[in-house]
Amino acid sequence: MPGPPVSIGASVIVTPGAAGAPDSGFIIAILPPFITANGMPLATSGSICQMVNSITGVPYPLVIGPLGSSGVRVAGRSLVRMGDLIPSPPGVLLIVGPPA
């Protein structure tokens with residue numbers, strides 16, 4: 001069951017990564033429109049993550065796919081929460097946290 005919503009800086013892992021092994025990263029940008037918690041914008045589908053290829057060390061951007069938490073939407077976009085498993089090519093994105 002997904003937990004609290006996340007914001008910029010939340011850790012993420014995509015499995016499989018760009019080269020097969022899981023890649024890790026963090027959320028770097030949240031696109032408007034957005035809602036805030038404690039002054040921080042909450043991540044929604046379409047937010048951008050900075051990933052690092054676990055084999056080569058090369059950074060790459062990853063857009064969070066459209067299927068975030070079910071039932072919670074912000075301007076038509078799914079809210080992203082800790083524990084979500086979101087299909088985001090090249091694999092499935094796990095939202096690790098911390099919360100907003």
Side-chain angles (χ1 to χ4, degrees):
M1 176 112 178
V6 296
S7 187
I8 293 173
S11 297
V12 296
I13 298 173
V14 65
T15 306
D23 294 340
S24 61
F26 54 94
I27 299 172
I28 61 167
I30 298 172
L31 307 176
F34 49 76
I35 59 173
T36 60
N38 295 326
M40 294 292 290
L42 299 180
T44 57
S45 57
S47 295
I48 302 170
C49 300
Q50 178 69 50
M51 306 301 294
V52 176
N53 185 299
S54 59
I55 295 176
T56 64
V58 175
Y60 64 95
L62 177 73
V63 176
I64 297 176
L67 303 175
S69 296
S70 61
V72 181
R73 301 187 76 71
V74 176
R77 297 180 183 195
S78 299
L79 187 65
V80 175
R81 302 186 303 176
M82 282 180 53
D84 277 347
L85 291 169
I86 304 169
S88 301
V92 176
L93 189 68
L94 169 64
I95 309 301
V96 180

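Between Cys49 and the choices Leu93, Ile28, Ile95, the side-chain contact (heavy atoms from CB on, under 4.5 Å) rule is met once, by Leu93.
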- Val80/Ile86 under side-chain contact (heavy atoms from CB on, under 4.5 Å): CA gap, chis, key distance, verdict: CA-CA 9 Å; Val80 175; Ile86 304 169; 4.2 Å; yes
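Nearest heavy atom pair, residue Leu79 against residue Leu42, reads CD1-CB, 3.9 Å. Between Ala18 and Pro90, the closest heavy-atom pair is N-CG, 3.9 Å. Minimum heavy-atom separation, Gly65 to Ser45: O-CB, 3.0 Å. Closest non-hydrogen pair, Ser54 versus Asp23, comes out as N-OD1, 2.9 Å. Across all their heavy atoms, Ile13 and Pro22 have their closest contact at CG2-CB, 4.1 Å.
With hydrogens and angles ignored, the 3.5 Å screen pairs no side-chain donor or acceptor of Ser47 with any backbone N or O of Ile64. Panel note: side chain Asn53, backbone Ile55; a donor-acceptor pair is recorded below 3.5 Å. Under the 3.5 Å distance criterion, the side-chain polar atoms of Ser78 are matched with a main-chain donor or acceptor of Pro66. Under the 3.5 Å distance criterion, the side-chain polar atoms of Asp84 are left unmatched by any main-chain donor or acceptor of Leu94.
In the hydrophobic cluster analysis, where Ile, Leu, Val, Met, Phe, Trp and Tyr join through side-chain heavy atoms closer than 4.5 angstrom, Ile8 is grouped apart from Phe26. A single hydrophobic cluster is not seen to contain both Val96 and Met82; linkage of ILVMFWY side chains at heavy-atom distances under 4.5 Å, directly or through other members, places them apart.
Rounding to the nearest 0.5 Å gives a distance of 12.5 Å between CZ of Arg77 and CD1 of Ile35.
In this structure, the side chains of Ile27 and Gln50 stay at 4.5 Å or more apart for every pair of heavy atoms. You'll find the side chain of Ile48 stays beyond 4.5 Å of the side chain of Leu62, heavy atoms only. Looking at heavy atoms from C-beta onward, Tyr60 lies out of side-chain contact with Val52 at the 4.5 angstrom threshold. Using a 4.5 Å cut-off on side-chain heavy atoms (C-beta onward), Pro41 and Ser7 make contact. Side-chain contact between Met51 and Val12 is present, with at least one heavy-atom pair separated by less than 4.5 Å.
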